[in-house]
2 protein chains.
Amino acid sequence: MPDAGDLPVLKAIALLGGCRGPVRVSTQSLSTTLGTSPQTISRRLKSLDSAHLITRNVDPSGQSVEVTKGGEEILRREHAEYCRIFSRTGGHFILKGAVISGLGEGRYYMSLDHYKNQFRINCGFEPYPGTLNLRLIQQSVPVRKKLDSLEWTTIPGFSDEHRTFGEARCLSCRIQGIPCALIVPGRTHYPEDIVELIAGVPLREELGLEDNDIIEVEIGYD
Amino acid sequence: MPDAGDLPVLKAIALLGGCRGPVRVSTQSLSTTLGTSPQTISRRLKSLDSAHLITRNVDPSGQSVEVTKGGEEILRREHAEYCRIFSRTGGHFILKGAVISGLGEGRYYMSLDHYKNQFRINCGFEPYPGTLNLRLIQQSVPVRKKLDSLEWTTIPGFSDEHRTFGEARCLSCRIQGIPCALIVPGRTHYPEDIVELIAGVPLREELGLEDNDIIEVEIGYD
DNA sequence: ATTACTAGTAGACGAGTAA
DNA sequence: TTTACTCGTCTACTAGTAA
């Protein structure tokens, strides 16, 4: 969660191509495009840097700045919200990937009453304790990115006496007709070719899946 | 030019459907979704209201809010910038519309040296003093809206001793192969089915156009 | 329950300056 | 030219209160 005023600066850097590689900027140039003072830009850049949303190389003649994965994620989410406002086009997406073994963390989280209830309310099924992890085929990675534009449900986090549990986003989908949900834990930086799924039934058993089996996930949005 | 902090509030209203009709909100509900205080929301709503970006009906049980054309335009521009960051897809668009008579304002502006030079630099031709106005056919109106996502060039305004002249945006296009540019004056609220074009030659003469002739404008983006 | 005022405070801004 | 510090000002915030 960057400071509200940092976002325009991040966006300006991205518009200059900062998501694709380092771009040279100066506090002055950014200040004119954003209609503020160089001092403020300097402060904002420092803030973005310490929030790990950009990386930079400062030298006496200026600085070259690059947007990090985390920064791009924030921009992508912002983009998704605007898409939701204007493009109310439905869509149908297919993700294809290979079954892989997760770390078993999903099983633990899904066993917690809080998440169980939340998913029951939001997805229409009580999650089987355990998640199915897929490594997407290369062609599905851009499709996965597009999904960020759809309307994900946010599952709030909670905390007990020992620790806090983060929020997560989920999106309904189907695998061979079985209702499932893609879930993305709150703040973790997932590899972009990995997705995690939950369902009301043990998917591996139900579909007879083994590691490396290729399956399709269907996201219908209507 | 709304206050920077107003934008998230405007966006939140739009996400609730405020672009399509009035939505009921409360300062409290918005404050939780935006992570701020109800007081701030109250102030922001007032600010958006007085900037004519929203209209609202306040009653003792809450308020219903709707995003105005002007508000939508700001959001659409924001959306366009994010599109420019992420979707670097080219595209090819055709606008179809009927030739109509403008107010002759375009002729005046295009006769000013400042604009002449700017357009020469940015569009590759010195604009013939006079603009061609089109009333788009209905099917072209949504296409026109999509164009906002493309990379328009901003022509800065200027001021002489008497008055100030606003900025404008332009986008290269072609009519029957002749290089032209769509131009949109800075802050005016154009009817969404009207577009204005400039070229290096007198288009009406060159193409033998009369009022109500239907022509096609080609926007190729590469 | 609302909205929106007032008041006090915290923090952001930009001018000036140094490196 | 840069970046980024300090510092005084002023804006924007939230708490409290009224309607």
Side-chain angles (χ1 to χ4, degrees), chain A residues 1-18 21-68 71 74-75 78, chain B residues 1-18 21-68 71 74-75 78:
Chain A
M1 57 195 89
D3 188 274
D6 287 347
L7 188 69
V9 182
L10 187 62
K11 196 185 68 176
I13 294 167
L15 278 168
L16 293 169
V23 284
R24 283 203 73 77
V25 297
S26 77
T27 53
Q28 196 153 284
S29 64
L30 283 175
S31 72
T32 52
T33 65
L34 291 168
T36 179
S37 69
Q39 293 90 328
T40 296
I41 299 295
S42 175
R43 205 159 13 85
R44 295 282 175 207
L45 288 176
K46 229 163 59 109
S47 161
L48 287 168
D49 195 357
S50 61
H52 300 294
L53 301 178
I54 62 172
T55 56
R56 39 181 208 152
N57 280 319
V58 185
D59 57 80
S61 72
Q63 51 193 299
S64 64
V65 182
E66 186 169 4
V67 177
T68 64
I74 284 178
L75 291 168
E78 203 70 14
Chain B
M1 59 199 93
D3 188 274
D6 287 348
L7 188 69
V9 182
L10 187 62
K11 197 187 67 177
I13 294 167
L15 278 168
L16 294 169
V23 284
R24 282 203 74 77
V25 296
S26 77
T27 52
Q28 194 153 288
S29 63
L30 283 175
S31 72
T32 52
T33 65
L34 290 168
T36 179
S37 69
Q39 293 91 328
T40 296
I41 299 295
S42 174
R43 200 160 19 83
R44 295 284 175 203
L45 288 175
K46 229 163 59 110
S47 160
L48 287 167
D49 195 356
S50 61
H52 301 294
L53 302 178
I54 61 171
T55 56
R56 40 181 207 152
N57 279 320
V58 185
D59 57 80
S61 71
Q63 51 193 299
S64 64
V65 182
E66 186 169 5
V67 177
T68 65
I74 285 178
L75 291 168
E78 203 71 15

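Chain A is the first sequence line, chain B the second, and so forth, proteins listed ahead of strands; every chain is numbered from 1.
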Span of DNA chain C engaged by chain B, first through last nucleotide within the 4.0 Å heavy-atom cut-off, is C:dT2 to C:dC5
Reckon [X] touches a base, only the sugar-phosphate, or nothing at all at heavy-atom distances under 4.0 Å?
X       : result
B:Arg56 : sugar-phosphate
A:Arg44 : sugar-phosphate
A:Ser26 : sugar-phosphate

Comparing nearest nucleotides in DNA chain C, the 5'-proximal residue of the pair B:Gln39, B:Gln28 is B:Gln28
*Report yes if the side chains of A:Val9 and A:Thr40 come closer than 4.5 Å at any heavy-atom pair, otherwise no.*
no
Determine: side-chain N/O of [X] to OP1/OP2 of [N], distance under 4.0 Å, yes or no.
X       : N     : answer
A:Arg43 : D:dA4 : no
A:Thr27 : D:dT3 : yes
A:Lys46 : D:dT3 : no

A:Ile41 CD1 to D:dT3 P, in whole Å, measures 10 Å
*Got a donor-acceptor contact below 3.5 angstrom from the B:Ser64 side chain to the B:Arg24 backbone?*
no
- Message: Any side-chain to backbone donor/acceptor pair from B:Thr27 onto B:Ser42? Under 3.5 Å, distance only.
- Response: no
The side-chain hydrogen bond (donor to acceptor under 3.5 Å, both in side chains) partner of A:Arg44 among A:Thr36, A:Asp3, A:Asp49 is A:Asp3
In short, A:Leu48 meets A:Leu10 closest at the heavy-atom pair CD1-N, 4.0 Å
Next on the checklist: Checking side-chain polar atoms at under 3.5 Å, does A:Ser47 have a donor or acceptor matched by the opposite partner on A:Asp6?
Outcome noted: yes
